[in-house]
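The block underneath contains the structure these notes are about, expressed in structure tokens.
Keep in mind the model is a prediction, meaning the values are calculated, not measured.
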Amino acid sequence: MITAAAPFLMFQGRCEEALTFYAGTIPGARIAALDRKPDGTVAMARLSIAGLEIMANDSPPVHDFDFTPSSSIFLTVEGLEEVDALAAALGEGGKALMPPDDYGFSRRFGWVQDRFGVSWQVNA
């Protein structure tokens with residue numbers, strides 16, 4: 001029996017920096033828990049966004065892979081200007097995969113990859 005399910009983000013030494021950025025950038029987001037390893041990196045953390053709990057850590061081994069845009073976190077907001085503001089804030093230091101615009105499937109949509117490599121879709 002499955003007792004829980006959550007997305008999991010594996011960073012390579014920047015987990016706390018990323019979660020602090022998300023908690024300060026995304027309205028209502030907060031770091032729900034953060035446990036450090038003796039070396040100061042993150043052993044396990046939980047970020048809460050609009051009721052979604054995202055687990056995260058700093059991977060002990062260094063990997064040859066990182067995040068891919070094919071997996072992203074989809075945020076639904078109320079206003080068109082919120083799409084622009086959130087996409088700009090999350091995309092700062094990263095890149096716009098689809099700049100905020102009307103692509104015909106919603107009123108306003110933007111898709112960015114942040115400076116940590118995590119992809120975010122923002123939709124109104």
Side-chain angles (χ1 to χ4, degrees):
M1 174 199 293
I2 297 172
T3 61
F8 191 95
L9 300 175
M10 183 181 66
F11 295 89
Q12 297 189 60
R14 298 183 73 188
C15 182
E16 186 170 4
E17 179 187 356
L19 298 187
T20 300
F21 171 68
Y22 303 147
T25 302
I26 301 168
R30 66 180 180 81
I31 298 172
L34 193 143
D35 297 317
R36 291 183 187 83
K37 296 181 252 184
D39 67 1
T41 60
V42 175
M44 190 58 62
R46 292 181 292 117
L47 176 71
S48 177
I49 302 174
L52 174 67
E53 187 169 278
I54 300 169
M55 298 174 67
N57 81 340
D58 282 315
S59 174
V62 175
H63 298 283
D64 289 336
F65 56 86
D66 208 351
F67 299 108
T68 172
S70 65
S71 294
S72 60
I73 299 171
F74 195 98
L75 304 174
T76 302
V77 299
E78 292 180 4
L80 305 182
E81 54 286 332
E82 289 177 277
V83 172
D84 295 350
L86 204 46
L90 288 168
E92 185 177 328
K95 62 182 174 181
L97 302 174
M98 292 177 74
D101 205 346
D102 179 348
Y103 291 97
F105 52 81
S106 72
R107 298 179 301 147
R108 191 108 176 131
F109 175 84
W111 191 348
V112 298
Q113 189 171 41
D114 69 28
R115 62 179 165 238
F116 306 102
V118 176
S119 294
W120 301 85
Q121 296 184 59
V122 187
N123 187 62

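Judged as a ring-ring contact (aromatic ring centres under 6.0 Å, His included), and not counting sequence neighbours, Phe8 has no contacts. Not a single side-chain contact (heavy atoms from CB on, under 4.5 Å) links Asp35 to another residue, sequence neighbours left out. In this structure, the ring-ring contact (aromatic ring centres under 6.0 Å, His included) partners of Phe67, at least two apart in sequence or on a different chain, are Phe11. Annotation: side chain to side chain donor-acceptor pair (under 3.5 Å) contacts of Ser71 (sequence neighbours excluded): none. Partners of Thr68 by side chain to side chain donor-acceptor pair (under 3.5 Å), not counting sequence neighbours, listed by chain and number: Ser70. Gln12 pairs by the side-chain contact (heavy atoms from CB on, under 4.5 Å) definition with Val62, His63, not counting sequence neighbours. Evaluation of the side-chain contact (heavy atoms from CB on, under 4.5 Å) rule for Glu82 yields Val77, Glu78 as partners, not counting sequence neighbours. Glu53 meets the side chain to side chain donor-acceptor pair (under 3.5 Å) test with Arg46; sequence neighbours excluded. In this structure, the side-chain contact (heavy atoms from CB on, under 4.5 Å) partners of Thr25, at least two apart in sequence or on a different chain, are Phe21, Leu86, Ala89, Leu90.
Counting only residues at least two apart or in different chains, salt bridge (charged side-chain N to carboxylate O under 4.0 Å, His left out) contacts with residues 8-25 comprise Arg14-Glu17, Glu16-Arg36. Listed by first then second residue, pairs satisfying salt bridge (charged side-chain N to carboxylate O under 4.0 Å, His left out) with a partner in residues 65-77 number zero, not counting sequence neighbours.
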Enumerate, atom names and distances included, each donor-acceptor pair closer than 3.5 Å involving a side-chain atom of residues 115-124, sequence neighbours excluded.
{"unit_1": "Trp120", "atom_1": "NE1", "unit_2": "Asp114", "atom_2": "OD2", "d": "2.9"}
{"unit_1": "Gln121", "atom_1": "NE2", "unit_2": "Ser72", "atom_2": "OG", "d": "2.7"}
{"unit_1": "Asn123", "atom_1": "OD1", "unit_2": "Ser106", "atom_2": "OG", "d": "2.7"}

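Aromatic ring pairs are classed by plane angle as parallel below 30°, tilted from 30° to 60° and perpendicular above 60°; the pair Trp111 and Phe109 is perpendicular.
Heavy atoms from other residues, nucleotides or ligands lying under 6.0 Å from NZ of Lys95 number 12 at most.
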